[in-house]
Amino acid sequence: MDKVTKEMTEKVTEEIGKRTSDNAPKIELRRQSTMGQTVENPKNMGETLGKLLRYFTQSKGLLIGLLLAVVAVTITSLLAPALQGMVIDTIQERSWHSFQTLLILLLITYVFHGAFTLAQSLLAARLSQSIVRHMRYDLFRKIDHLPISYLDMHSNGDVMSRMTNDIENISNTVSQSIGSLISGVLTMIGTIAIMFWYCWQLTMITMITVVLTVIVTQQMSKIMRSVYRKRANALGRLNGHSEEMISGYRTVLAYNRQERTKAEFQELSDWLTTEGIRAEILGGTMGPLMNAISNLGFVIVAAFGGYFALKGLITIGVISAFIIYAKQFSRPINEIAQLFGSVQTAIAGAERVFDLLEQPDEDDSGSEIIEDMKGNISFRHVNFSYLPGKQVLYDFNLDVKSGQKIALVGATGSGKTTVVNLLMRFYPVDSGEILIDGKNIMDLQRDWLRHNTAIVLQDTVLFSDTIENNIKYGNPHADDASMIQAAQTSNCAYFIERMKDKYQTFLKQAGASLSHGQRQLLNISRAVIADPRILILDEATSSVDTRTEQNIQDALVNLMKNRTSLIIAHRLSTIQDADVIVVMDKGRVVETGNHEELIEKQGSYYSLYMSQFAGNKT
């Protein structure tokens with residue numbers, strides 16, 4: 001787990017702990033997850049909605065169709081109760097011809113209402129997927145052009161969350177909430193207008209139950225959020241405990257902690273059961289309570305409506321319509337209250353998405369190329385800091401001649417990897433310049449520079465694809481003969497040939513079935529087929545055994561022939577044949593020379609070498 005992810009996990013765990021009820025089991029967990037929905041509040045709702053609206057306008061046809069469907073659903077839902085009341089009045093008046101006509105109109109209205117409701121759902125779903133498709137495309141394209149500095153400062157989980165969770169929240173809100181919100185507002189406006197038109201006195205009396213419904217809903221929602229949050233915390237603690245025990249099962253067995261583990265699980269499970277029962281009981285009371293208030297409204301409408309009917313103010317059909325309108329008016333209020341949280345969460349997610357989309361692209365300046373590249377590298381008075389005020393390199397100078405093998409050694413944090421980052425243009429220098437064959441790398445085409453530079457890292461990176469495609473990742477235009485030659489040069493052809501499908505073998509889970517050494521050899525073959533003029537090896541053998549290291553070293557020797565090579569290594573035994581060894585300490589060059597010269601000086605390199613020889617970690 002990287003440092004940023006660890007810090008984020010600790011903050012989340014601490015926050016969950018603060019919100020957990022006092023009767024929570026006191027069991028320490030390193031990782032926790034919350035399965036309940038968290039409502040996030042957007043920082044600038046208006047600005048974010050404006051940006052989101054641009055994606056709606058990209059699907060104008062679907063948006064217009066959805067709005068028309070919503071209006072049609074609203075009109076039919078408002079028309080149906082009025083027709084139903086008129087039907088009842090025709091029964092009382094014994095006007096059978098009008099009864100038949102109105103009944104047919106009522107039937108047609110319900111049919112159209114169902115059709116338009118279906119159309120609304122389909123159009124909302126298509127609109128949400130269209131918006132999400134455009135957002136995902138823009139987001140992935142942006143990620144593909146982000147500078148390394150952004151990805152170094154943000155955890156992979158955070159970036160992935162914007163691509164998945166935040167986008168999914170937006171999709172769900174558009175497909176499920178937008179139509180309901182618009183329809184709810186229109187329904188409330190239309191319903192209250194019709195009710196006042198029928199009988200304003202009965203409307204004012206009916207509003208008592210509506211106000212009561214709103215108050216009860218608000219109070220119940222506050223209580224339910226608290227109870228459901230506790231249940232979600234309990235579920236998160238149980239899931240986190242289960243995940244830890246399953247992933248660390250070997251350790252549990254090794255230390256004979258099975259009984260303790262079962263006791264902890266039982267304690268968490270009992271806590272979840274208690275909170276779950278509370279949540280279910282409270283959730284089960286919401287429906288009956290709302291029904292009781294609704295039924296109270298029916299009684300009020302029936303009582304006062306009957307009185308007004310006897311006085312001749314309204315008809316019996318109007319009373320029937322009023323009962324439906326009263327229920328129809330309170331329903332959107334409850335729906336909007338329930339949707340408000342998901343809308344806020346979606347807008348907060350959209351803010352995070354737009355924050356990433358508005359990040360500046362990686363610097364793509366420079367238009368020159370070197371026709372006949374030799375591979376001479378010069379660092380001249382380079383100063384650099386990742387963060388202002390925390391300098392990493394101080395007046396760094398280094399000259400590398402074409403074909404030379406240069407090794408960078410030093411303690412962790414001395415700035416070795418930073419030198420590579422600057423050479424690859426992952427970061428710009430604060431001052432000074434880096435030259436290749438006499439040209440400043442900032443004047444060279446960035447893509448051309450990286451095309452002529454290959455890097456082999458300590459952490460192997462393979463893709464869930466065939467071995468052929470993984471090797472040809474370094475040069476997609478290479479033919480099969482070049483691929484086989486690269487595999488032979490990197491000493492990985494022998495184990496590929498023993499596989500059933502050879503180069504067409506599909507690497508599941510990015511080569512999890514291969515040993516670390518085999519994955520590293522495939523990485524080296526990728527660098528071989530790229531045929532770079534400059535080669536960078538960053539701790540390429542530090543995490544393998546001695547025998548595998550020798551196999552990788554042989555492959556690296558073949559790879560480094562006739563190429564300018566920069567090698568970062570902790571194992572000094574792997575760089576004794578380097579042309580020049582550069583010893584770094586706290587961002588400065590403290591010694592340079594070959595192995596024999598530096599040993600004779602008995603300086604920093606000598607101390608590093610002797611400590612390793614004694615078996616101590618440097």
Side-chain angles (χ1 to χ4, degrees), residues 35-42 45-46 48-80 108-143 159-191 328 331-357:
M35 301 301 291
Q37 182 182 7
T38 302
V39 177
E40 298 181 61
N41 294 317
M45 181 177 290
T48 303
L49 285 174
K51 296 174 183 176
L52 198 56
L53 187 61
R54 292 199 295 266
Y55 283 92
F56 279 87
T57 57
Q58 293 180 13
S59 304
K60 292 181 181 178
L62 291 173
L63 180 60
I64 294 173
L66 175 61
L67 293 177
L68 291 176
V70 168
V71 172
V73 168
T74 304
I75 291 174
T76 52
S77 65
L78 293 174
L79 183 61
I108 294 173
T109 301
Y110 280 126
V111 169
F112 274 103
H113 179 77
F116 288 130
T117 302
L118 177 61
Q120 175 184 324
S121 300
L122 294 176
L123 289 169
R126 289 199 60 182
L127 178 62
S128 70
Q129 292 306 310
S130 176
I131 292 171
V132 165
R133 180 173 64 87
H134 286 107
M135 291 190 74
R136 280 204 178 108
Y137 175 77
D138 290 346
L139 195 58
F140 192 83
R141 184 174 59 180
K142 169 56 70 173
I143 292 174
V159 177
M160 287 298 299
S161 178
R162 301 181 195 223
M163 174 67 79
T164 54
N165 296 341
D166 293 333
I167 292 287
E168 194 63 29
N169 285 335
I170 296 171
S171 173
N172 291 336
T173 299
V174 173
S175 62
Q176 300 174 11
S177 304
I178 297 298
S180 299
L181 285 172
I182 299 174
S183 177
V185 172
L186 294 178
T187 298
M188 286 191 296
I189 295 173
T191 300
Q328 191 167 276
R331 177 181 55 80
I333 297 177
N334 295 331
E335 288 182 353
I336 291 173
Q338 293 172 1
L339 292 174
F340 186 69
S342 63
V343 171
Q344 280 190 309
T345 300
I347 295 175
E351 279 187 344
R352 285 163 42 81
V353 171
F354 290 128
D355 175 69
L356 197 156
L357 287 174

Shortest non-hydrogen contact from [X] toward [Y]:
{"X": "T76", "Y": "F116", "value": "CG2-CD1, 4.3 Å"}
{"X": "T57", "Y": "K60", "value": "O-CG, 2.8 Å"}
{"X": "K142", "Y": "L357", "value": "CE-O, 3.0 Å"}
{"X": "L127", "Y": "S59", "value": "CD1-CB, 3.8 Å"}
{"X": "L123", "Y": "L66", "value": "CD1-N, 3.7 Å"}
{"X": "V132", "Y": "S171", "value": "CG2-CB, 3.3 Å"}

- Item | Residues that S128 engages under side chain to side chain donor-acceptor pair (under 3.5 Å), provided they are two or more places apart | none
- Query: If only atom types and distance count, is the side chain of S77 paired as donor or acceptor with the main-chain N or O of T74 below 3.5 Å?
  - Reply: yes
- Task: Check for a donor-acceptor pair, side chain of S130 on one end and backbone N or O of R126 on the other, with a separation under 3.5 Å.
- Result: no
- Check the pair R352 / D355 against salt bridge (Lys or Arg N to Asp or Glu O under 4.0 Å), numbers first and verdict last. CA-CA 5 Å; R352 285 163 42 81; D355 175 69; over 6 Å; no
- Would you sort out whether Y137 and R141 count as a side chain to side chain contact (heavy atoms under 4.5 Å, CB included), showing the intermediate values? CA-CA 6 Å; Y137 175 77; R141 184 174 59 180; 3.7 Å; yes
- Any chance CZ of R136 has more than 12 other-residue heavy atoms, nucleotides or ligands included, within less than 6.0 Å? yes
- Message: Is it the case that over 12 heavy atoms from other parts of the model lie below 6.0 angstrom from the CZ atom of F56?
- Response: yes
Separation between [atom1] of [X] and [atom2] of [Y], rounded to the nearest 0.5 Å:
{"X": "I131", "Y": "L63", "atom1": "CD1", "atom2": "CG", "result": "7.5 Å"}
{"X": "R133", "Y": "Q58", "atom1": "CZ", "atom2": "CD", "result": "9.0 Å"}
{"X": "T187", "Y": "L78", "atom1": "OG1", "atom2": "CG", "result": "5.5 Å"}
{"X": "Q120", "Y": "L68", "atom1": "CD", "atom2": "CG", "result": "11.5 Å"}

- Check: D138 and Y55 side chains under 4.5 Å, non-hydrogen atoms: yes
- Message: Set out, in order, the CA-CA distance, both residues' side-chain angles and the distance that settles side chain to side chain contact (heavy atoms under 4.5 Å, CB included) for L356 and I143, then state yes or no.
- Response: CA-CA 8 Å; L356 197 156; I143 292 174; 4.1 Å; yes
